[in-house]
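What follows is a structure written as structure tokens; I'll ask about it next.
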Amino acid sequence: MLTTVGDRLAARRNRRRAGSRAREKYTEMRRAWLRRNRKFWVLVAVVVWLIFWWLMRLFPGDHSWSTAAFAGALTATFFAVRQSPPVGIASWEEGAFGEEETAKQLGHLEREGWVVLHDLANGSANFDHVVIGPNGVFCLNSKWSAYRLEAGPDGRLLARHRYDEDVYQDIHGKVRRAKAEAAALSERIAQRCGTKLWVQPVIVWWGEVENGGRLVDGVGVVQGKRLAERLRAQTGRPVQGFDVVVACLRPGRHSRRRASDRKAGLSDSVRGS
């Protein structure tokens with residue numbers, strides 16, 4: 001249990017890391033997009049304003065109200081466009097939304113003594129969430145989606161758009177990536193701690209999921225709002241050398257420790273437990 005003020009503050013700071021890489025990527029790409037299009041938008045605004053000015057000259061009279069309304073509409077449109085980047089950029093912000101919502105769900109487990117690590121580096125990519133609990137190690141990948149997961153005609157899990165049933169996706173590419181991430185995390189634990197642990201891959205789907213989730217090719221696919229209860233219900237063995245594994249995975253410098261030293265530390269931890 002998180003009993004001290006320090007523990008609660010540390011958990012809160014840790015949750016703020018969730019989605020940080022996706023949020024930074026979105027901000028960086030959006031700024032670049034705004035810079036690339038700045039001259040074009042200024043040109044469009046000037047042209048539209050000149051057309052409006054010409055119409056006012058063409059139809060003389062008191063245009064104070066219409067001028068103010070047009071200026072307000074033009075300003076509102078400008079800011080709306082700035083907040084509506086292309087899909088390839090907006091998807092990074094949606095990814096951050098999913099990771100942040102997952103962090104809120106995992107906060108319930110943190111208060112019960114589980115260890116949750118967010119946004120850990122994985123080469124040029126990252127592990128969205130790593131969860132270490134009494135029943136194992138889990139590698140979570142968060143997805144924010146407008147698609148509903150349901151069983152298709154052949155029994156395979158299918159992602160169908162909530163507003164257009166003729167639009168669907170095959171999610172098995174995401175399943176393969178989740179398995180690869182879990183394998184990479186298991187390899188990292190082996191390198192840093194000197195022991196091989198099974199890591200359960202999980203996709204956290206922030207959208208509708210038939211029956212709240214299911215197992216797909218060894219990967220747990222879980223509806224976001226049911227994440228905490230599903231992780232608690234998992235059967236598994238306690239993590240040997242729990243504290244050592246946590247220390248090996250926390251962000252920091254690990255490369256100078258030899259594998260033999262890490263393995264010895266793990267053995268001591270197991271004997272002391």
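Here, residue 1 is the first one in the sequence, and each next residue gets the next number.
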| query | Looking only at heavy atoms, what is the nearest atom pair of G224 and Q105, with distance? | reply |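 Scanning both residues, the minimum pair turns out to be O-CG, 3.5 Å.
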| task | Kindly compute the distance separating CG (L120) from CG (N126), expressed to the nearest 0.5 Å. | result |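 Nearest 0.5 Å value for the CG-CG distance: 8.0 Å.
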| said: Would you compute the distance between atom OG of S145 and atom CD1 of I203 and round it to the nearest 0.5 angstrom? | reply: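 Nearest 0.5 Å value for the OG-CD1 distance: 11.0 Å.
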| said: When you compare the side chains of E181 and N141, does any donor N or O come within less than 3.5 Å of an acceptor on the partner? | reply: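 Side-chain D/A pair, E181 to N141: present.
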| field | Lys/Arg N to Asp/Glu carboxylate O, E101 vs K104, below 4.0 Å | value |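 Here E101 pairs with K104 in a salt bridge, since their nearest N and O are under 4.0 Å apart.
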| query | D217 and salt bridge (charged side-chain N to carboxylate O under 4.0 Å, His left out): which partner among R156, K179, R176, R177? | reply |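 The option that passes is K179.
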| said: Contact between L140 and L106 at the side-chain level, heavy atoms closer than 4.5 Å - yes or no? | reply: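 A side-chain contact exists here, since the closest heavy-atom pair is under 4.5 Å.
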| Minimum heavy-atom distance W206-W144, with the two atoms named |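 The pair with the smallest heavy-atom distance is CB-CE3, 3.8 Å.
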| query | Counting only N and O atoms by type, is there a donor-acceptor contact under 3.5 Å from the side chain of S186 to the main-chain atoms of W198? | reply |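 No, S186 side chain to W198 backbone: no donor-acceptor pair under 3.5 Å.
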| query | How far apart are the closest heavy atoms of V245 and C193, and which atoms are they? | reply |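 Closest approach of V245 to C193, heavy atoms only: CA-SG, 3.9 Å.
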| request: Answer yes or no: is there a side-chain heavy-atom contact under 4.5 Å between H118 and E99? | output: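 No, too far: nothing below the 4.5 Å cut-off.
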| task | Side-chain contact test, heavy atoms from C-beta onward, threshold under 4.5 Å: evaluate it for K196 versus E187 and give yes or no. | result |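 They are in side-chain contact.
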| query | For the residue pair A178 and V219, what are the closest heavy atoms and their distance? | reply |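 The answer is CB-CG1, 4.0 Å.
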| request: Tell me whether L249 is reachable from F127 by hopping between hydrophobic residues (I, L, V, M, F, W, Y) whose side-chain heavy atoms are closer than 4.5 Å. | output: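 In one cluster: yes.
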| Any side-chain heavy-atom pair from V209 and R214 closer than 4.5 angstrom? |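 SC-SC contact between V209 and R214 ruled out.
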| request: Could you check if a side-chain atom of V222 sits within less than 4.5 angstrom of a side-chain atom of V204, using non-hydrogen atoms only? | output: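 Heavy-atom side-chain distance check fails, nothing below 4.5 Å.
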| CD/Q223 to CG/L149 distance, rounded to the nearest 0.5 angstrom? |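 Going from CD on Q223 over to CG on L149, the span is 9.0 Å.
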| Is it the case that one hydrophobic cluster holds both Y168 and L157, taking links as side-chain heavy atoms less than 4.5 Å apart, direct or via other members? |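 In one cluster: no.
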| request: Search all heavy atoms of T102 against all heavy atoms of S142 and return the closest pair with its distance. | output: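 Closest approach of T102 to S142: OG1-OG, 2.7 Å.
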| task | Calculate, to the nearest 0.5 Å, the distance between atoms SG and CD1 belonging to C139 and I189 respectively. | result |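 Reported value, rounded in 0.5 Å steps: 9.0 Å.
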| request: Can you measure from CG (L231) to CH2 (W114) and round to the nearest 0.5 angstrom? | output: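 So the gap between those two atoms works out to 5.5 Å.
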| said: If we ignore hydrogens and angles and just use 3.5 Å, is the side chain of E150 paired with the main-chain N or O of R160 as donor and acceptor? | reply: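 Checking the backbone N and O of R160 against the side chain of E150, no donor-acceptor pair under 3.5 Å is found.
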| task | Give the intermediate values and the outcome of side-chain contact (heavy atoms from CB on, under 4.5 Å) for residues I171 and Y147. | result | CA-CA 10 Å; I171 73 159; Y147 286 76; over 6 Å; no
| Hey, what do you get for OG1 (T195) to CD (Q240), rounding to the nearest 0.5 Å? |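 One finds 6.5 Å between OG1 of T195 and CD of Q240.
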| request: Looking only at non-hydrogen atoms, find the nearest pair between N135 and Q234 and report the distance. | output: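 Closest approach of N135 to Q234, heavy atoms only: ND2-O, 2.7 Å.
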| request: Flag the pair V115 / R250 as yes when at least one side-chain heavy-atom distance between them is below 4.5 Å, and no otherwise. | output: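 In contact.
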| If we only count heavy atoms from C-beta on, is the R232 to H108 side-chain gap below 4.5 Å? |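 Side-chain contact under 4.5 Å: yes.
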